[in-house]
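Read through the structure below, which is laid out as structure tokens, and then see the notes.
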Amino acid sequence: MKILVTGCSGLLGSKLTPLLARRGYNVIGIYNVHRPSYSADGVKLVKLDITNTVALEDLVLKEKPDVIIHAAAYTDVDGCERDKNRAWRINVEATKSLVRTARVVKSYIIYISTDYIFDGSKGDYIEGDTPCPINYYGLTKLIGEELVRGSDLLHTIVRPSAIYGLGGSKKSFAEYIVEKLMRNECVKALTDQYVSPTYNGLLAKAIAEIVELRPMGVLHVAGPRMNRYEFALKIARALDLPLELVKEASMKEMTHWIACRPRDSSLDTSKAKQLLKTRFYDVDLAVDLFKKEWLSRRGEPCP
């Protein structure tokens with residue numbers, strides 16, 4: 001089976017692409033600026049800007065993948081607000097091109113969306129709740145969802161939340177926390193913004209399951225609900241870092257933000273828990289895996 005992965009150097013793609021190759025799939029990974037640091041047999045890396053929709057469509061038509069996993073996106077929430085044209089080209093136009101060519105080659109498509117399609121007014125969102133994005137990033141990702149949902153393709157829309165881990169071209173919140181605390185610097189973490197932190201390694205395993213099962217529709221694949229302060233303490237505690245340097249903060253203090261953020265975009269994952277074997281929802285397992293990966297990267301022994 002041939003699988004095309006966009007965003008193969010990103011936080012999710014950097015885990016998912018080599019994992020799929022190890023499972024015996026023929027994988028084509030698309031990256032733009034940052035060439036992936038991993039090496040894996042069975043992975044063909046292609047440097048391509050997905051906003052070049054002619055080149056993107058030509059690649060899909062040439063390779064004829066059985067599965068397309070669209071993990072690439074412009075995820076800078078404030079960046080999307082500043083440069084709406086770029087956000088539209090990456091998050092909407094590229095998705096439109098993938099859907100159009102997937103119909104020609106009859107690919108199954110997995111679209112990686114976000115919890116930010118919700119306004120955050122209630123939290124614990126289920127798949128059927130009505131989206132209402134409050135920033136341009138969330139709007140473009142919702143339009144991407146609708147392009148996939150409105151096609152006649154076999155598809156799965158996967159919504160994670162606050163993805164963290166190692167390996168991506170950009171640092172995740174968990175990496176930021178650890179690096180600051182290791183330098184004995186304070187970390188401000190929000191007590192009034194709730195998310196469902198999702199470890200990239202477990203998310204990748206869950207998506208590999210989805211490739212096999214091909215469930216139609218939307219799935220929430222994420223960790224449990226917690227505020228960012230609780231999450232920061234959990235990461236600090238796991239790596240035996242000074243808890244007193246983790247300071248409480250509130251959203252009203254984030255005066256540098258350009259875009260609005262949802263107060264509680266946490267996701268209910270009951271549906272995915274019943275369907276998938278991967279324990280993507282187990283925060284203790286996730287943090288332990290993150291710890292082991294962090295120590296391994298630094299050459300330190302794992303306890």
*Report the residues that fulfil salt bridge (charged side-chain N to carboxylate O under 4.0 Å, His left out) with Asp288, sequence neighbours left out, ordered by chain and then residue number.*
Lys292
*Do the side chains of Arg23 and Val211 get nearer than 4.5 Å, heavy atoms only?*
no
*For Ser265 and Val195, work out which heavy atoms get closest and say how close.*
OG-CG1, 3.9 Å
*Which value, rounded to the nearest 0.5 Å, describes the distance between Leu181 atom CG and Tyr176 atom OH?*
9.5 Å
*Heavy-atom side-chain proximity of Val221 to Thr269 below 4.5 angstrom*: no
*So does Arg89 pair up with Glu93, basic N to acidic O under 4.0 Å?*
no
*Heavy atoms only: give me the nearest Arg261-Asn135 pair and the separation to one decimal.*
CA-ND2, 4.5 Å
*Evaluation steps, side chain to side chain contact (heavy atoms under 4.5 Å, CB included), between Leu147 and Val92*: CA-CA 8 Å; Leu147 288 168; Val92 177; 4.1 Å; yes
*Flag the pair Ile3 / Pro65 as yes when at least one side-chain heavy-atom distance between them is below 4.5 Å, and no otherwise.*
no
*Going through the checks in order, is the side chain to side chain contact (heavy atoms under 4.5 Å, CB included) test met by Val246 and Tyr229?*
CA-CA 8 Å; Val246 180; Tyr229 178 73; 3.7 Å; yes
*asked:* Can you give me the closest heavy-atom contact between Val27 and Ala21, atom names plus distance?
replied: CG2-N, 3.7 Å
*Selection residues 188-216 - residue pairs positive for salt bridge (Lys or Arg N to Asp or Glu O under 4.0 Å), sequence neighbours left out*: Lys188-Glu253, Asp192-Arg263
*Heavy-atom distance under 4.5 Å between the side chains of Leu239 and Phe290, does that happen here?*
yes
_How about NZ on Lys171, more than 12 heavy atoms from neighbouring residues, nucleotides or ligands closer than 6.0 Å, or not?_
no
*Determine, stepwise, if the pair Thr101 / Glu57 fulfils side-chain hydrogen bond (donor to acceptor under 3.5 Å, both in side chains).*
CA-CA 6 Å; Thr101 46; Glu57 292 183 18; 5.8 Å; no
*Short N-O contact, Asp129 and Lys122, less than 4.0 angstrom*: yes
*Please step through side chain to side chain contact (heavy atoms under 4.5 Å, CB included) for the pair Asn91 and Cys80, ending with a clear verdict.*
CA-CA 10 Å; Asn91 294 348; Cys80 287; 4.2 Å; yes
*Tyr125 and Asp119: side-chain hydrogen bond (donor to acceptor under 3.5 Å, both in side chains), yes or no, with the steps?*
CA-CA 10 Å; Tyr125 289 95; Asp119 63 11; 3.0 Å; yes
*Heavy atoms, side chains only, cut-off 4.5 Å: are Ile30 and Cys8 in contact?*
no
_Can you give me the closest heavy-atom contact between Asn200 and Lys15, atom names plus distance?_
ND2-CG, 3.5 Å
*State, to 0.1 Å, how close Ala259 and Glu81 come at their nearest heavy-atom pair, and which atoms those are.*
CB-OE1, 3.4 Å
*Taking salt bridge (charged side-chain N to carboxylate O under 4.0 Å, His left out) as the test, write out the residues that go with Arg228, two or more places apart.*
none
*Could you give the distance from CD (Glu127) to NZ (Lys271), rounded to the nearest 0.5 Å?*
5.0 Å
*Would you call Pro215 and Ile210 a side-chain contact if the rule is heavy atoms closer than 4.5 Å?*
yes
_I'd like to know if Asp83 pairs up with Arg86 as an ion pair, taking the criterion as any Lys NZ or Arg NE/NH1/NH2 lying under 4.0 Å from an Asp or Glu carboxylate oxygen._
no
*Using the side-chain hydrogen bond (donor to acceptor under 3.5 Å, both in side chains) rule, take Tyr108 and Thr156 through it: C-alpha gap first, then chi angles, then the decisive distance, then the call.*
CA-CA 8 Å; Tyr108 161 53; Thr156 307; 2.6 Å; yes
*Cation-pi geometry met for Lys141 and Tyr116 (6.0 Å, 45°)*: no
*So how far is it from Lys47 NZ to Tyr31 OH, rounded to the nearest 0.5 Å?*
6.0 Å
*asked:* How long is the straight-line distance from CZ of Arg100 back to OG1 of Thr53, given to the nearest 0.5 Å?
replied: 7.0 Å
*Give a yes or no on whether Val105 and Ile69 share a hydrophobic cluster (residues Ile, Leu, Val, Met, Phe, Trp, Tyr; joining criterion: side-chain heavy atoms under 4.5 Å apart).*
no
*Within-4.5 Å side-chain heavy-atom neighbours: Pro160 and Leu12*: no
_Check this for me: Asp152, atom CG, are more than 12 non-hydrogen atoms of other residues, nucleotides or ligands nearer than 6.0 Å?_
yes
*Is Glu63 salt-bridged to Lys2, going by a charged N under 4.0 Å from an acidic O?*
yes
_Flag side-chain contact, heavy atom, 4.5 Å: His155 against Arg149_ = yes
*Do the side chain of Lys252 and the main chain of Ala249 share a donor and acceptor less than 3.5 angstrom apart?*
no
*Given the rule in the side chain to side chain contact (heavy atoms under 4.5 Å, CB included) test, do Val287 and Arg237 qualify, once you have shown the distances and angles that lead to the verdict?*
CA-CA 10 Å; Val287 170; Arg237 195 173 289 115; over 6 Å; no
*Interatomic distance, Tyr281 atom OH to Leu202 atom CG [nearest 0.5 angstrom]*: 10.0 Å
*CG-CH2 distance between Leu139 and Trp88, expressed to the nearest 0.5 angstrom*: 7.0 Å
*Given the rule that I, L, V, M, F, W and Y join up when any side-chain heavy atoms are under 4.5 Å apart, are Leu45 and Leu59 in one cluster?*
no
